[in-house]
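A quick write-up on the structure given underneath.
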Number of protein chains: 2
Amino acid sequence: MAYQRSPLMKKRLSDNRQQIKLAARRLIALGGFREASITAVAQNVGLSTGAIYRYFPSKAELFIEVLGDAVSHEVTILRGLLEGEGSPVDQLYAAVESFATRALKGPHLAYAFIAEPIDSDVEAARMAGRAQFIAVFEDILRAGIKRGFFPAQMPDVAAACIVGAFTEALIRPVAPAARPADDKKLVKAIASLCVRAAGVAISPVETTAKRVKPKR
Amino acid sequence: MAYQRSPLMKKRLSDNRQQIKLAARRLIALGGFREASITAVAQNVGLSTGAIYRYFPSKAELFIEVLGDAVSHEVTILRGLLEGEGSPVDQLYAAVESFATRALKGPHLAYAFIAEPIDSDVEAARMAGRAQFIAVFEDILRAGIKRGFFPAQMPDVAAACIVGAFTEALIRPVAPAARPADDKKLVKAIASLCVRAAGVAISPVETTAKRVKPKR
DNA sequence: TTTTTAAGTGAACTGTGATTCACTTATTGG
DNA sequence: CCAATAAGTGAATCACAGTTCACTTAAAAA
């Protein structure tokens with residue numbers, strides 16, 4: 001006895017799991033959480049409603065996982081940007097630019113993850129995700145402050161502000177309809193503002209990071 | 001014939017309407033939209049469930065009106081700050097400070113209005129409300145840019161960023177539990193950052209607005 | 001091939017809360 | 001006081017997804 005699925009079967013199962021998440025993501029990207037009912041997801045994968053529950057205990061869990069994946073994917077990319085040897089000023093600009101550009105590519109997905117209303121379980125997960133983003137920026141700020149690129153400030157508060165700033169500015173063009181002119185320009189404006197917010201005078205990047213006031 | 005309610009009766013009716021809105025607001029402030037079911041609202045006013053529908057066609061409508069009232073109240077206050085003769089820099093700082101301070105006083109209410117998930121009808125209203133806020137800041141920025149207090153920038157984008165910045169920074173300490181140390185400090189940090197974001201070098205207020213580069 | 005276990009099905013069930021509506025009560029006009 | 005009309009009641013209804021579950025089908029063990 002001690003039954004166990006063959007490797008091939010195992011794979012099929014875990015593939016299913018993945019497919020379910022992808023389908024959910026796809027539907028969300030298409031029309032927000034509204035579209036992503038369990039039934040719709042099931043149909044999209046080619047499974048029955050009930051089957052979903054073999055893989056996820058509840059809709060909330062499924063969404064939380066989808067959200068989590070997306071967030072950790074984003075965070076990984078952003079953290080990657082911090083590996084390079086650019087100054088914190090450049091890093092900050094680059095991080096915002098990178099996120100904003102991607103967000104504008106997948107409008108609905110970004111909107112769903114940033115702002116669309118859902119039930120509070122999932123909302124909690126979204127908050128947690130946001131906290132992870134904020135942490136990235138907090139790290140940039142801390143480093144920058146220590147090395148004298150940014151003036152002294154509360155890094156946690158400032159990081160929250162910065163994340164709030166670019167997400168808000170992204171939501172409008174990303175929401176249901178409405179999409180303004182030049183994405184490049186928009187991204188630039190947003191990223192510049194974030195750098196200024198951190199305390200770097202005037203514009204960024206072209207200044208290639210002159211220290212504001214070399215600390216000690 | 002041609003029946004009409006006596007003035008006294010009329011008043012009572014419109015009072016009821018007001019009471020319903022206040023009750024809804026009260027419940028929201030207490031525990032978010034979750035708590036504000038039609039039945040709960042009705043009980044709170046001392047009316048029956050059905051009676052509510054004499055005054056509002058649907059729950060969504062009621063909430064939208066409550067939200068609208070709150071927003072226009074806020075906007076009026078903020079617009080009031082622009083009457084004074086302070087520089088745009090001071091105005092910007094003052095506006096953020098004013099809003100933030102009030103938001104921290106009514107945590108749940110602010111949270112509900114800024115971030116709590118609800119159905120998409122009401123959400124649309126919230127977006128609209130946000131747009132009104134943003135407009136206030138856009139005006140400040142435009143004026144400031146024209147008069148040389150702020151560097152050239154896209155005022156709509158910058159305004160959105162600024163609103164996003166302070167709301168995000170407000171949400172965390174305002175959300176369900178969690179409330180950090182010093183509100184005053186927090187508000188100061190947020191407001192300063194917003195001013196910097198607009199392009200004013202280093203800190204605000206104490207500089208009492210020196211022109212960055214007197215335009216033309 | 002037969003038995004055992006797991007995967008998959010989808011119609012029925014459930015919980016929740018908004019909305020309705022037949023009816024009661026209060027107000028207005030004659 | 002007696003219609004006529006409107007306000008108010010609250011239990012019943014509705015809507016709608018998420019979730020369950022008795023059953024079917026497929027895959028592993030014997």
Q: Using a 4.0 Å heavy-atom cut-off, write out nucleotides 10-15 of chain D from 5' to 3' as B (base contacted by protein), S (sugar-phosphate only) or - (no contact).
A: B-----

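Among residues two or more places apart in sequence or in another chain, the ring pair (Phe, Tyr, Trp, His ring centres under 6.0 Å) test is passed with B:F99 by B:F133, B:F166. Every salt bridge (Lys or Arg N to Asp or Glu O under 4.0 Å) that A:E138 has, sequence neighbours left out, goes to A:R142. Taking the salt bridge (Lys or Arg N to Asp or Glu O under 4.0 Å) definition, one finds that B:D156 meets it with nothing, sequence neighbours left out. With sequence neighbours excluded, the residues that form a side-chain contact (heavy atoms from CB on, under 4.5 Å) with B:A197 are A:L193, A:A197. Legend: residues meeting side-chain contact (heavy atoms from CB on, under 4.5 Å) with B:Q43, ordered by chain and number and at least two apart, are absent.
The CD-P distance, from A:Q43 to C:dT9, rounds to 12 Å in whole Å. Between A:L27 atom CG and D:dA17 atom C1' there is a gap of 15 Å when expressed in whole angstrom units. The CD1 atom of A:I38 sits 16 Å away from the C1' atom of C:dT14 (whole-angstrom rounding). If you take CG of A:D15 and C1' of C:dA7, they are 15 Å apart, rounded to a whole angstrom. Spacing between atom CD1 of A:I52 and atom C1' of D:dG18 amounts to 12 Å, rounded to whole angstrom units. One can place CZ of B:R34 at 11 Å from P of C:dA18, the figure rounded to the nearest angstrom.
Contacts of residues 53-63 of chain A with DNA chain C (heavy atom under 4.0 Å): A:R54, A:Y55.
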Return all side-chain donor-acceptor pairs below 3.5 angstrom for residues 75-84 of chain A, not counting sequence neighbours, or 'none' if the list is empty.
{"unit_1": "A:T76", "atom_1": "OG1", "unit_2": "A:S72", "atom_2": "O", "d": "2.6"}
{"unit_1": "A:R79", "atom_1": "NH1", "unit_2": "A:D139", "atom_2": "OD2", "d": "2.7"}
{"unit_1": "A:R79", "atom_1": "NH2", "unit_2": "A:D139", "atom_2": "OD2", "d": "3.4"}

Please table the atom pairs, donor to acceptor, closer than 3.5 Å between any side-chain atom in residues 50-70 of chain A and protein atoms at least two apart or in another chain.
{"unit_1": "A:Y55", "atom_1": "OH", "unit_2": "A:N16", "atom_2": "ND2", "d": "2.9"}
{"unit_1": "A:S58", "atom_1": "OG", "unit_2": "A:A60", "atom_2": "N", "d": "3.4"}
{"unit_1": "A:S58", "atom_1": "OG", "unit_2": "A:E61", "atom_2": "N", "d": "3.2"}
{"unit_1": "A:E65", "atom_1": "OE1", "unit_2": "A:R17", "atom_2": "NH2", "d": "2.7"}
{"unit_1": "A:E65", "atom_1": "OE2", "unit_2": "A:R17", "atom_2": "NH2", "d": "2.4"}
{"unit_1": "A:E65", "atom_1": "OE2", "unit_2": "A:K21", "atom_2": "NZ", "d": "3.0"}
{"unit_1": "A:D69", "atom_1": "OD2", "unit_2": "A:K21", "atom_2": "NZ", "d": "2.9"}

Q: Would you check, one step at a time, whether the test side-chain contact (heavy atoms from CB on, under 4.5 Å) holds for A:F149 with A:L92?
A: CA-CA 11 Å; A:F149 287 95; A:L92 175 55; over 6 Å; no

